[in-house]
Protein chains: 2
Amino acid sequence: MTRSTKERLLEAGLGMLLQHGYNDLGIQALLEKTQTPKGSFYHHFKSKEDFALQVIDRYMVDVHKGLDLSLGNSSLPPLDRVRRFFELSRDKYRDEGYLGCLLGGVGQELSGVSEVFRRKIETCFNAIAERVAECLEEARQRGDLPPDRDPRKLANLLVDCWEGAALRSRLRGAPDPLDAMLDFYFSAAAR
Amino acid sequence: MTRSTKERLLEAGLGMLLQHGYNDLGIQALLEKTQTPKGSFYHHFKSKEDFALQVIDRYMVDVHKGLDLSLGNSSLPPLDRVRRFFELSRDKYRDEGYLGCLLGGVGQELSGVSEVFRRKIETCFNAIAERVAECLEEARQRGDLPPDRDPRKLANLLVDCWEGAALRSRLRGAPDPLDAMLDFYFSAAAR
DNA sequence: TGAAGAATAGACCGGTCGGTCTGCACGGAG
DNA sequence: CTCCGTGCAGACCGACCGGTCTATTCTTCA
């Protein structure tokens, strides 16, 4: 039971944070949704901020799992592995009702107001880009990418554009912007 | 004086909305900053939501001014005009301390919770993309763009990626992601 | 069995939120 | 001059916010 309550809170928090954002997410509402008394919440988390940061950590666990799954698939050429990761993310967004990316949402909302969150989100993006970059470097060495391209810049670019497309797909409730972005990026990067 | 108070509120609101987002923007704080009593605020705006929507309208006036300025400059080739617009935006972001784009910020924060804002922001993006698309169409007809490219899709793509880069530049407090994105886009789109 | 700490439980708190209400100042129209 | 609409002014309101506190229950292990 120990973990279960905390886990339940984090899980529900993930969904609610995605939909409501940070400031519009009420502790009260979270507690009602998870049938948890307030005492439990503040037993497991020292504050709302602490809670949100842990939700992000949990989100990143899933992200890294997705990265393992796609980038680790060595039966695919490296460029396809990268694309695979984002297509997986797109499918996840679909299942969630196109609410976009938690990092983008929280990042936009809080980076102007909280240094803690600003740093946190930037660190998460860097971590993702770093892993993508490794795979792009492999592609470069295979000749799938022009040798003069910097894989790290290319990876950050991809992540950034992805976040923009994710916002747009959220606004539209549709995956089109995500697919269009991937098509453009991979045809342009490879040539 | 009639306009002045409302104008002052909208202007301050623009900055505060950009930094704090919607939910973290307190009416109280806005009133203190602008030395305005509460009665005046609710005389001019029927609610906080109404206020924010008008702030967005005001923001869009500036955006369209920027579009007029850049896209209307017929001494430049159309592709350069488009790039010019985004470079202008980048400079504006710099002057504001790299807080990114209001549309992106508000869009991310509220689109999961308010249909009104979701639609509003999507409409704004479409308006920008539409004007960009016109210019891209001109470029296509001149042969600066491959004839099989759809200017509208290309324009939306550009706007989307820009928003992602704007978020990242906000997280970093630096323009690099914006420039990297523009470089990539224009070299890829044109070839 | 019993002591101790983890976890649950929810009443309660001060502060702040968005929003309302009433009254006053002012300026042009009759 | 009065009248009336517009804008300024701020006290006030109930609701809700995140967070605290104390008490109780469960779990574990000596």
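These numbers come from a predicted model, not from an experiment. Order of the sequence lines fixes the chain letters, A, B, ..., with proteins taken first and strands second; residue numbering starts at 1 for each chain.
Heavy-atom distances under 4.0 Å link DNA chain D to B:Pro37, B:Lys38, B:Gly39, B:Ser40, B:His43 of residues 35-43 of chain B, given in residue order. A heavy atom closer than 4.0 Å to some atom of DNA chain D occurs in A:Leu25, A:Gly26, A:Ile27, A:Gln28, these being the qualifying members of residues 22-30 of chain A. Residues of residues 46-57 of chain A that place a heavy atom closer than 4.0 Å to DNA chain D, in numerical order, are A:Ser47, A:Lys48.
Rounded to a whole Å, the NZ atom of A:Lys6 is 16 Å from the C1' atom of C:dT8. Rounded to whole angstrom, the span from the CZ atom of A:Arg8 across to the P atom of C:dA7 amounts to 13 Å.
Contact check on B:Arg131 versus B:Glu134 returns no salt bridge, with no Lys/Arg side-chain nitrogen under 4.0 Å from an Asp/Glu carboxylate oxygen. A salt bridge links B:Glu115 and B:Arg118; the closest N-O separation between the charged side-chain nitrogens and carboxylate oxygens is under 4.0 Å. With salt bridges taken as basic N to acidic carboxylate O contacts below 4.0 Å, one links A:Arg94 and A:Asp91. Using a cutoff of 4.0 Å between basic side-chain nitrogens and carboxylate oxygens, A:Arg84 and A:Glu87 are scored as salt-bridged.
Counted by atom type alone, A:Arg168 and B:Asn156 present one or more donor-acceptor pairs between their side chains at under 3.5 Å.
The one candidate from B:Leu103, B:Thr123, B:Leu158 that meets the side chain to side chain contact (heavy atoms under 4.5 Å, CB included) condition with B:Ile128 is B:Leu103.
The side-chain heavy atoms of A:Arg58 and A:Glu7, taken from C-beta on, include a pair separated by under 4.5 Å. By the 4.5 Å heavy-atom criterion applied to side chains, B:Ile56 and B:Ile121 are counted as neighbours.
If you look at B:Phe86 and B:Tyr185, their ring centroids are not closer than 6.0 Å.
Stacking of B:Lys48 on the aromatic ring of B:Phe41 is not recorded, the 6.0 Å distance cut-off and the 45° axial limit not both being met.
Within the 4.0 Å cut-off from OP1 or OP2 of C:dA6, not a single side-chain nitrogen or oxygen of A:His44 is found.
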